[in-house]
Undergrad: 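The following block contains the structure, expressed as structure tokens.
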Amino acid sequence: MRFSWRFPVLKYPSFTGRLHDARTATAVGRLLGAAIAVCLVTGLISHVLQHPPAVLANDLPSRPAWGYRVSQGLHTASGIAAVPLLLVKLWSVYPRLFVRPPVRSVPHALERLSVAVLVATALFELFSGLLNIAQWYPWPFSFVPVHFAVGWLLTGSLLLHMAVKYPQIAAHWRRRSPGTLALPAEDAPDRRALLAALGGAVGAVTLTTVGQSVTPLAGLDLLAPRHPGHGEQGLPVNRTAAGAGITERALREWRLSIDGPRPYQLTLDELRAMPQHEVTLPIACVEGWSKSARWTGVRVRDLLDRAGAPEGALVRVTSLQQHGAYRVMVMPHTYARDPLTLLALGLNGRVLPPDHGFPARIIAPNRPGVLQTKWVSRLEAL
Ligand SMILES: Nc1nc2c(c(=O)[nH]1)N[C@H]1C(S)=C(S)[C@@H](COP(=O)(O)O)O[C@H]1N2
Ligand SMILES: [Mo]
């Protein structure tokens, strides 16, 4: 970076460094754009799986079983990779804060306003997402709806920005720009050094965090807030039984109620006497960690059949937990009828521990962790 301050009169700095030119902005911008595109698509997938619009609610796919794990792993990884990319992008273009005159025309003012929205929303999305994976909520609003809404603002301002900048993007997209835009020979080393350093930073933050869902890399998981192997029976716990207010007494009096045309109740021993199945499925938390485990229990569809529930019925699952957003969950028939969907009684060859949902919890394929309800006490065919 080269700029000169002209003293003593306070003036705007003037920048001549090549690392602040349109070529650098394009080179960094397309990497950042790719990371944000992955974030937006996977964010949308996560949103639809968690809060399906009515038209899709009956068609959500329960396969591939690992789908949500990959999608949410990519969401977190691309968001983390976008942090160094955004910082370098902002650094490369910040001299534009000082253009003179600050506003040339109405379209120019609108363009600058759209860039302000883009920068603010991008910073907000990355910052709120990072705090979310650290399970730290230092704000008065609810994370999911705000992160989702601001995501749309970011998408809109990004598309507008790419349209406005299209001529520069097109001119600088290739290594050698044609005609008068050809880069001088001495241009290469400093830009290459910047991009190499940026690549190194992206690689470093990715490798030290991606282990929270790519378990073979868990050993490198130095910066991630969660380690996938820490927790009872090698599985992390977001909310403990004590934290959810599950009392000894509630557990002692526990019965599973199944509501449908022929409602019935089961004790834990009666559940254990039903045909047991074993599945290997991950908990894929929206907060970015995933871990596969072996679950044993009763197929949800067997429980529903016994209550005479129709094939296409939605199923409402209620937890013993008295308060909290994850107390009640609705499961479309695609999951409820999947042979992999269990009311699990065992985890990794042992009885389900209290913090993982004893006496019974839901485990279903291709679903966000928030919907894998623990301490289940009731299933209702709707
Ligand atoms: N009743 C209830 N079920 C719940 C939760 C909860 O707070 N209450 N947390 C959910 C979340 S966010 C996740 S990621 C998984 C975690 O399951 P685990 O603690 O067994 O790993 O449980 C889900 N089931
Ligand atoms: Mo979660």
Side-chain angles (χ1 to χ4, degrees), residues 42-43 45-47 49-51 66-69 71-73 75-76 129 131-137 142-144 147 212-213 215 218 224-247 250-251 254 256-257 279-297 300 315-331 335 341-380:
T42 51
I45 291 173
S46 184
H47 184 83
L49 288 180
Q50 255 186 89
H51 307 281
W66 40 262
Y68 188 75
R69 178 183 200 168
S71 160
Q72 196 61 6
H75 188 68
T76 319
L131 293 196
N132 180 250
I133 63 175
Q135 290 191 294
W136 184 26
Y137 301 97
S142 165
F143 169 77
V144 174
H147 193 72
Q212 61 180 340
S213 55
T215 29
R226 301 302 287 263
H227 189 287
H230 292 175
E232 212 169 353
Q233 299 197 17
L235 190 66
V237 172
N238 272 10
R239 179 156 331 264
T240 60
I246 306 296
T247 60
L251 291 178
W254 182 88
L256 178 71
S257 304
V279 301
T280 300
L281 285 178
I283 296 281
C285 181
V286 296
E287 283 149 354
W289 60 268
S290 310
K291 183 78 192 288
S292 204
R294 254 179 330 110
W295 307 91
T296 44
V300 166
V315 180
R316 179 157 58 211
V317 178
T318 308
S319 169
L320 271 182
Q321 193 182 345
Q322 294 298 312
H323 306 281
Y326 310 143
R327 196 177 82 79
V328 177
M329 172 274 281
V330 173
M331 182 183 264
Y335 299 100
T341 301
L342 301 186
L343 187 69
L345 310 174
L347 164 61
N348 291 334
R350 288 201 260 149
V351 174
L352 202 59
D355 289 344
H356 287 302
F358 177 86
R361 76 161 314 153
I362 291 290
I363 185 78
N366 196 26
R367 281 202 112 188
V370 287
L371 302 177
Q372 311 281 24
T373 310
K374 304 197 271 192
W375 314 291
V376 170
S377 63
R378 178 178 224 104
L379 303 176
E380 294 162 89

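Start at 1 and go down the list; that is how both ligands and their atoms are numbered. Along the sequence shown, residues carry numbers from 1.
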Undergrad: Answer yes or no: does an N/O atom from Trp289 fall short of 3.5 Å to an N/O atom of ligand 1?
TA: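 Checking ligand 1 against Trp289, no N or O pair falls under 3.5 Å apart.
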
Undergrad: For ligand 1, is there an atom lying under 4.0 Å from some heavy atom of Gln372?
TA: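 Yes, Gln372 has heavy atoms under 4.0 Å from ligand 1.
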
Undergrad: His356 side chain to Gln233 main-chain N or O, any donor-acceptor pair under 3.5 Å?
TA: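 A pair under 3.5 Å: no.
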
Undergrad: Who pairs with Val351 by side-chain contact (heavy atoms from CB on, under 4.5 Å), at least two apart in sequence or on another chain?
TA: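 If we apply the side-chain contact (heavy atoms from CB on, under 4.5 Å) test to Val351, skipping adjacent residues, the hits are Arg272, Phe358.
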
Undergrad: Nearest to atom 9 (N) of ligand 1, what protein heavy atom do you find, and at what distance?
TA: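 Closest protein heavy atom to atom 9 (N) of ligand 1: Tyr326 CD1, 3.7 Å.
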
Undergrad: Any N or O of Trp375 that comes nearer than 3.5 Å to an N or O of ligand 1?
TA: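 Among all N and O atoms of Trp375, none is under 3.5 Å from an N or O of ligand 1.
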
Undergrad: Do Thr373 and Tyr326 pass the side-chain hydrogen bond (donor to acceptor under 3.5 Å, both in side chains) test, and can you show the C-alpha distance, the side-chain angles, and the key distance before you say yes or no?
TA: CA-CA 7 Å; Thr373 310; Tyr326 310 143; over 6 Å; no

Undergrad: For the 3.5 Å polar cut-off, considering only N or O atoms, please tell me whether Ser319 and ligand 1 meet it.
TA: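 So ligand 1 has an N or O lying under 3.5 Å from an N or O of Ser319.
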
Undergrad: Would you mind checking which non-hydrogen protein atom is closest to atom 13 (C) of ligand 1, with the distance to 0.1 Å?
TA: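 Minimum-distance protein heavy atom for atom 13 (C) of ligand 1 reads Gly369 O, 3.4 Å.
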
Undergrad: What residue and heavy atom of the protein are closest to atom 1 (N) of ligand 1, and at what distance?
TA: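 For this ligand atom, the closest protein heavy atom is Gln321 OE1, 2.8 Å.
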
Undergrad: Assess Arg361 for proximity to ligand 1: is some non-hydrogen atom of it under 4.0 Å away?
TA: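 Yes; Arg361 lies near enough to ligand 1 that a heavy-atom distance drops under 4.0 Å.
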
Undergrad: Which residue and non-hydrogen atom of the protein lie closest to atom 21 (O) of ligand 1, and at what distance in Å?
TA: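 The closest heavy atom on the protein side is Pro236 O, 2.5 Å.
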
Undergrad: For ligand 1, which part of Arg239 has a heavy atom less than 4.0 Å away: the side chain, the backbone, both, or neither?
TA: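 Side chain only.
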
